[in-house]
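Written below as C-alpha cells is the structure these notes are about.
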Amino acid sequence: MTRHTKPPKSALLIIDVQQSFMRMPYWSSGLLAPFQQALLKLEAGCRAANVPVVQIFHIDDDAPFRADSGLIRAMDWLPGEPAARFDKHVHNAFTDTGLDNWLRRQGVQRLIISGIRTEQCCETTARVGSDLGYAVDFVSEATLTFPMKHKGTGQTFSAQDITTRTELVLADRFARIVNVDTCLSSL
C-alpha cells in the first residue's frame, strides 16, 4: 500500500519587487527580463495551486524607499492583488511586520522566497524563516540582484557570482535551492 502525503501548505513571498529600485544608481534593466519571466511563471503557478501570494515592501530613509516617495508599490508588470501585504524596515520580512503571525494563522509551513535583492532581503528572510521553523524553498531564478564592488579589494562580483554565493550558504542549512519548475511541481 502506497501512502501519499499532502505537501505542506506553502506561501509565496514576493520581497521588495517595488518601484523604489528603479531609482537606485545600481539599477540595471539588463538583468530584469529573465527575473521577470521566472517570477511571473512562479506567481501564476502559485495562484493556480491556491498558494497565497504575499507581497513585502521595504521602507527606510533612503529617498526612493521613503514612505512618502510614492514608490512603495509593486512594479507595474507584477499582476494581481496579494493575499496580504507587509511593510518592513529591516532586511528580513519578519521583524515587526506581523508576517509570522499571519502565516501561522493560515497554516503555512513552507515559504517560497522570491524578489529583490538575492543576497540581502531574500537571503535574510530565508534564514530567519528557517530559524522560525518554516521549510524554505529559495527560488534563485525568481530573485534579482546587481553587480557589487568589494570596497576593500576593488573586485567586482557579478550578479551571478552573488547568486551562486547565496545558494552556497543557504543550501541544506536554511533552504532548498530550487528553480521555478521544481518548486511548482512540489505544491
Listed partners of A49 passing side-chain contact (heavy atoms from CB on, under 4.5 Å), at least two apart: V51, L187
Which residues share a ring pair (Phe, Tyr, Trp, His ring centres under 6.0 Å) with F157, sequence neighbours left out: none
Those residues that, when tested against F65, pass ring pair (Phe, Tyr, Trp, His ring centres under 6.0 Å) (two or more places apart): F21, H58
L103-I56 co-clustered via ILVMFWY side chain contacts under 4.5 Å: yes
Heavy-atom side-chain proximity of I113 to V139 below 4.5 angstrom: no
Check: N179 and S140 side chains under 4.5 Å, non-hydrogen atoms: no
A83: side-chain contact (heavy atoms from CB on, under 4.5 Å) partners, not counting sequence neighbours: P52, W102
Qualifying residues under side-chain contact (heavy atoms from CB on, under 4.5 Å), relative to R73, sequence neighbours excluded: Q19, D76
Exam field: side chain S114 to backbone L13, donor-acceptor pair closer than 3.5 Å: yes
Distance-only side-chain donor-acceptor flag, Q18 / S20, under 3.5 Å: yes
Within 6.0 Å of CZ in R23, more than 12 heavy atoms from elsewhere: no
Validation row: D137, L111 side chains within 4.5 angstrom (heavy atoms): no
Results of salt bridge (charged side-chain N to carboxylate O under 4.0 Å, His left out) for E119 - residues two or more places apart only: R117
Sequence neighbours excluded and cut-off under 3.5 Å, please list the side-chain donor-acceptor pairs for residues 34-43, or say none.
| unit_1 | atom_1 | unit_2 | atom_2 | d |
| --- | --- | --- | --- | --- |
| K41 | NZ | D181 | OD1 | 2.6 |
| E43 | OE2 | R47 | NE | 2.2 |
| E43 | OE2 | R47 | NH2 | 3.0 |

Side chain to side chain, F138 and V178, heavy atoms closer than 4.5 Å: no
Shortest non-hydrogen contact from P8 toward R110: CG-CB, 4.3 Å
Pairwise side-chain contact, H91 with E123, heavy-atom cut-off 4.5 Å (strictly under): no
Donor-acceptor contact below 3.5 Å, side chain D62 vs main chain P64: no
From CZ (R85) to CD1 (I14), nearest 0.5 Å: 12.5 Å
Rounded distance (nearest 0.5 Å) linking atom CD1 of I15 with atom CD of Q120: 11.5 Å
Residues T143 and T118: side-chain donor-acceptor under 3.5 angstrom: yes
For D100, salt bridge (charged side-chain N to carboxylate O under 4.0 Å, His left out) partners two or more places apart: R104
Salt bridge (charged side-chain N to carboxylate O under 4.0 Å, His left out) against D61, all qualifying residues, sequence neighbours excluded: none
Hydrophobic cluster identity match, W77 and L71, side-chain contacts under 4.5 Å: no
Same apolar cluster: W27 and I72, side chain cutoff 4.5 Å: no
Partners passing side-chain contact (heavy atoms from CB on, under 4.5 Å) against T97 (at least two apart in sequence or in another chain): F86, K88, L99
Short side-chain to backbone donor-acceptor contact, S130 and A126, under 3.5 Å: no
Under the salt bridge (charged side-chain N to carboxylate O under 4.0 Å, His left out) test, residues paired with D161 that sit two or more places apart: none
Distance-minimising heavy-atom pair for R66 and I59: C-CG2, 4.4 Å
S185 (side chain) donor-acceptor with T182 (main chain) under 3.5 angstrom: yes
Stepwise side-chain contact (heavy atoms from CB on, under 4.5 Å) check, E141 with T163: CA-CA 9 Å; E141 68 182 332; T163 299; over 6 Å; no
Side chain proximity check, K149 to Q155, heavy atoms < 4.5 angstrom: no
Summary of ring pair (Phe, Tyr, Trp, His ring centres under 6.0 Å) pairs that have at least one residue in residues 168-187, sequence neighbours excluded: none
Criterion side-chain contact (heavy atoms from CB on, under 4.5 Å) on R127 and L170, from CA distance to verdict: CA-CA 8 Å; R127 288 173 179 263; L170 290 179; 3.8 Å; yes
Gap between atom CD1 of I116 and atom CG of D16 - 0.5 Å precision: 7.5 Å
V180-V54 co-clustered via ILVMFWY side chain contacts under 4.5 Å: no
Same apolar cluster: V108 and I112, side chain cutoff 4.5 Å: no
Contact check, side chains of V136 and R176, non-hydrogen atoms, under 4.5 Å: no
Side chain proximity check, T164 to L168, heavy atoms < 4.5 angstrom: no
Distance (rounded to the nearest 0.5 Å) between L12 CG and C183 SG: 7.5 Å
